[in-house]
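Chain naming here is simple, since letters A, B, ... match the order of the sequence lines and numbering starts at 1 in each.
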Protein chains: 2
Amino acid sequence: MNESPRRKELTRLAAQLFVQEGFDRTTVRMLAQEMGIKSGSLFHHFKDKQEILAAVIEEGTHNALVIARRSIEQCPAEPEARLRAMARAHLETLFADRNAHVVALFEWRRLDPAASAHLSHLRDAYEALWVEVIDGALQAGLIHGDRFLVSRFILGALNWTVRWYDPNGSRTPDDLADELVGMIMAR
Amino acid sequence: MNESPRRKELTRLAAQLFVQEGFDRTTVRMLAQEMGIKSGSLFHHFKDKQEILAAVIEEGTHNALVIARRSIEQCPAEPEARLRAMARAHLETLFADRNAHVVALFEWRRLDPAASAHLSHLRDAYEALWVEVIDGALQAGLIHGDRFLVSRFILGALNWTVRWYDPNGSRTPDDLADELVGMIMAR
DNA sequence: GTCTATAACTTGATAGAC
DNA sequence: GTCTATCAAGTTATAGAC
């Protein structure tokens, strides 16, 4: 993979537009303008528009995986702390980090089959990490339910925050994460 | 509002395509073909593409509201039954009913400001119904947390099922609803 | 690495006949 | 209510100069 600093910078700008407008409504002209170049020059860095999307989604998923791993390594080994750390990490990559993870979650369907197949191992690794942490919480009796469904519900609740959460409001992403974990914990 | 049977039928078909392809990628030619007419004829029924989206979203949100109201009227008045009924109704409109509610949830942002303003009362009424039911569950000590956040998390978990749930699998939408309610209930 | 210019095509929408 | 024919504008992507 091409990993020039220039390309990384352009990928970051693309992620921002993809979140604001959606992939389909974002034109190469809009991308070029945001990057301060003309639309023709874009294709020196990316083969086509699809490749820009793939680059954004790869970065977003990779970031999420790295940050989540780091978070659970650095936190106490208790199931509750690990669950909280995962939820916090997820919202951190969604709101505090760049927008790439949001694009990965909401525009995955727009990837062509080849790119999707190539990147699915990253997504699978991230979801496996979640299931692992949730398994720990289940075995500790902290939460209850089916491991698969619990993961899906928690991730759904977290992902949907993109649609309503206002980062300029009074609550921090960490507050949200803690509230969600509190909601599902047996008392 | 124009409510001819023909227009209703076309709206139903549009909803299906909007779910499959997304609003932006669905062209008026695709819509026309699905409806068995030519693209020019479409504009006899709808002023423009935006109006088709507005019609779909209005129907989807209206349906969701009607079905949810009926569900909690017909179920026992206990907080747990009502919560369960709301979750089941939500997934019913998402999967068993037509696709219009899915479009309402995932393509709301594509509405122009005028249409969004005109339809927001429907969405607000639906969300108010949720908050009402959740308030009951909170007061009964069935669940715990902030009423606003709990509503958002539950709706997020339910909405995101669209992205992973396979209606042809072994679980029914009702199973999902019950599992979700079970997950958040204090024991 | 960026520019200009443009090819090749698709888009939403209209006009007028039937 | 549907058709055909078509328009104007916008789309992705390419070619070759600098």
Quick one: which protein N/O atoms are closer than 3.5 Å to N/O atoms of nucleotides 13-15 of chain D? Pair and distance per line, please.
residue: D:dA13; atom: OP2; partner: A:K49; partner atom: N; Å: 2.8

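- Nucleic acid contact class of A:S4 (heavy atoms, under 4.0 Å, all strands): none.
- Between A:M30 atom CE and D:dG10 atom C1' there is a gap of 13 Å when expressed in whole angstrom units.
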Next on the checklist: Assess the residue pair B:N63 and B:E59 against the criterion (side-chain hydrogen bond (donor to acceptor under 3.5 Å, both in side chains)); give the C-alpha distance rounded to whole Å, side-chain angles, the decisive distance to 0.1 Å, and a yes or no.
Outcome noted: CA-CA 6 Å; B:N63 274 357; B:E59 205 218 303; 3.2 Å; yes
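- For the pair B:K38 NZ and C:dA13 C1', the computed distance is 17 Å after rounding to whole Å.
- One atom, CG of B:L31, and another, C1' of C:dT11, lie 13 Å apart when rounded to the nearest Å.
- D:dG1 atom P lies 17 Å from atom NZ of B:K8, rounded to whole Å.
- Exactly one residue among B:E78, B:R82, B:M185 makes a side-chain contact (heavy atoms from CB on, under 4.5 Å) with B:L142. That residue is B:M185.
- At whole-Å resolution of the value, CD1 in A:I37 and P in C:dT4 are 12 Å apart.
- Phosphate proximity of C:dT2 to A:R6: present, with a side-chain N or O under 4.0 Å from OP1 or OP2.
- By the salt bridge (charged side-chain N to carboxylate O under 4.0 Å, His left out) test, B:E21 pairs with no residue at all, sequence neighbours left out.
- Atom P of nucleotide C:dG12 and atom CD of B:Q33 are separated by 14 Å, given to the nearest angstrom.
- By the criterion of side-chain heavy atoms lying less than 4.5 angstrom apart, applied directly or through intervening Ile, Leu, Val, Met, Phe, Trp or Tyr residues, B:V19 is grouped together with B:F95 in one hydrophobic cluster.
- Rounded to the nearest 0.5 angstrom, B:I154 CD1 and B:L149 CG are separated by 11.0 Å.
- Between the P atom of C:dG12 and the CG atom of B:D112 lies a distance of 15 Å, rounded to the nearest Å.
- The side chain of B:H44 places no N or O atom within less than 4.0 Å of a non-bridging phosphate oxygen (OP1 or OP2) of D:dT2.
- As a whole-Å value, the separation of A:M35 CE from C:dG1 C1' is 14 Å.
- Using a cut-off of 4.0 Å between Lys/Arg side-chain N and Asp/Glu carboxylate O, B:D24 and A:R110 are scored as not salt-bridged.
- Taking the six-membered ring for Trp and the full ring otherwise, the centers of A:F153 and A:W160 sit at least 6.0 Å from each other.
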